[in-house]
Amino acid sequence: MTRHLEGGAQDKENPMMKNTFTKSVAALALLGALPSVAATASYAGALCTSVSGFKTPSIFRSGRLINQTGEAIEVVCPVQRNVVAPTFNENASFLITVRDPHLTENVCCTATVTEPDGTAIASDSGCTSGADTAAPKSISLNLATVFASVNGYIALRCELPGPYAGHQTALSSFYVAE
């Protein structure tokens with residue numbers, strides 16, 4: 001096969017190069033269709049969405065979600081699912097950073113691996129304890145290794161109490177390791 005190049009020159013196309021190129025393109029297309037490999041990610045609390053009540057939390061430029069509504073709220077946070085093909089097993093750990101100034105109520109979070117139809121197949125919950133108006137607190141969650149179908153998903157849900165003595169609860173960030 002001969003190609004005509006600019007300026008009237010001719011070049012013979014190498015069939016071996018064409019075959020290698022075609023296989024490379026096919027391999028890259030297949031890899032793009034598979035779920036990504038296990039990884040870690042850190043997310044801002046501002047990505048979470050309120051799912052309770054009629055008031056919405058405040059979002060700050062720092063990326064924190066602060067409950068200034070005057071009542072307790074529940075938020076759901078997006079989590080990118082990263083599984084290892086071909087087993088599609090989930091094995092996720094979460095570290096959620098919050099501020100909890102409330103003396104009698106705690107910030108509580110639940111992480112869940114869910115099938116496409118909404119059936120929960122693994123979950124873990126945790127809460128803060130005690131009050132501290134200055135220092136951030138952490139909630140650590142670990143999901144058991146389970147098989148989730150290709151279209152399954154991970155959800156993180158947190159409950160933030162209302163303000164206490166002029167201080168608000170906040171969801172600063174959440175870190176996910178799979």
Side-chain angles (χ1 to χ4, degrees), residues 31-69 71-85 87-102 105-129 131-163 167-178:
L31 286 174
L34 294 174
S36 57
V37 296
T40 60
S42 186
Y43 300 91
L47 292 174
C48 303
T49 302
S50 178
V51 293
S52 66
F54 296 103
K55 298 180 180 177
T56 57
S58 299
I59 305 296
F60 281 76
R61 283 181 269 190
S62 64
R64 293 183 299 155
L65 178 141
I66 299 178
N67 183 6
Q68 295 179 321
T69 66
E71 57 194 50
I73 61 168
E74 181 178 10
V75 297
V76 174
C77 308
V79 177
Q80 170 66 44
R81 183 174 179 228
N82 295 305
V83 295
V84 178
T87 61
F88 300 107
N89 283 338
E90 300 292 344
N91 184 5
S93 298
F94 291 77
L95 184 62
I96 302 111
T97 304
V98 300
R99 289 208 183 266
D100 178 13
H102 213 286
E105 296 180 40
N106 299 314
V107 175
C108 294
C109 296
T110 302
T112 308
V113 177
T114 308
E115 290 290 4
D117 67 358
T119 304
I121 57 175
S123 67
D124 190 21
S125 298
C127 298
T128 59
S129 62
D132 191 340
T133 59
K137 294 184 174 191
S138 296
I139 300 171
S140 181
L141 306 176
N142 293 298
L143 294 173
T145 301
V146 294
F147 174 80
S149 66
V150 175
N151 295 320
Y153 57 93
I154 297 176
L156 177 64
R157 179 178 50 85
C158 294
E159 300 166 15
L160 297 121
H167 299 281
Q168 289 87 24
T169 56
L171 175 57
S172 298
S173 64
F174 55 102
Y175 173 83
V176 182
E178 286 188 82

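Small disclaimer: the values here were computed from a predicted structure and weren't measured.
In this structure, Ile121 and Phe147 have side chains that are not in contact, with every pair of non-hydrogen atoms separated by 4.5 Å or more.
The side-chain contact (heavy atoms from CB on, under 4.5 Å) test with Val107 is passed by exactly one of Asn67, Leu171, Thr128: Thr128.
Residues Arg64 and Ser172 approach most closely at CD-OG, 3.5 Å, considering heavy atoms. In plain terms, the two heavy atoms of Gly162 and His102 that are nearest each other are O-CD2, 3.4 Å. Heavy atoms only, all atoms of each residue included: Asp124 and Leu141 are closest at OD2-CA, 3.4 Å. The minimum heavy-atom distance between Ser58 and Gln68, with the atom names listed, is OG-OE1, 2.7 Å. Shortest non-hydrogen contact noted between Phe94 and Ala111 is CE1-CB, 3.5 Å. The nearest pair of heavy atoms linking Tyr153 to Gly118 is OH-CA, 3.8 Å.
Qualifying salt bridge (charged side-chain N to carboxylate O under 4.0 Å, His left out) partners for Glu74, counting only residues two or more places apart in sequence or in other chains: Arg157. Checked against side-chain hydrogen bond (donor to acceptor under 3.5 Å, both in side chains), Ser42 has no partners two or more places apart in sequence or in another chain.
Rounding to the nearest 0.5 Å gives a distance of 7.5 Å between OG of Ser123 and CG of Leu143. Summarising the geometry, atom CG belonging to Leu65 is positioned 5.5 Å from atom CD1 belonging to Ile73; distances are rounded to the nearest 0.5 Å. From Gln168, atom CD reaches atom CD1 of Ile66 across 7.0 Å, with rounding to the nearest 0.5 Å.
Between the side chain of Ser50 and the main chain of Pro57, no donor-acceptor pair closer than 3.5 Å is present. Using a distance-only test at 3.5 Å, with no hydrogens or angles considered, no donor-acceptor pair links the side chain of Asn106 to the main chain of Cys108. Looking only at distances, no side-chain donor or acceptor of Thr112 sits under 3.5 Å from a matching main-chain atom of Thr114. At least one donor-acceptor pair under 3.5 Å links the side chain of Glu115 to the backbone N or O of Ser149. Of the possible polar contacts, none joining the Tyr43 side chain to the Val176 backbone as a donor-acceptor pair under 3.5 Å is found.
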Evaluate the criterion side chain to side chain donor-acceptor pair (under 3.5 Å) for residue pair Asp100 and Thr169; output intermediate values, then yes/no. CA-CA 5 Å; Asp100 178 13; Thr169 56; over 6 Å; no

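When the SG-SG distance for Cys158 and Cys109 is compared with the 2.5 Å cut-off, it comes out below that value.
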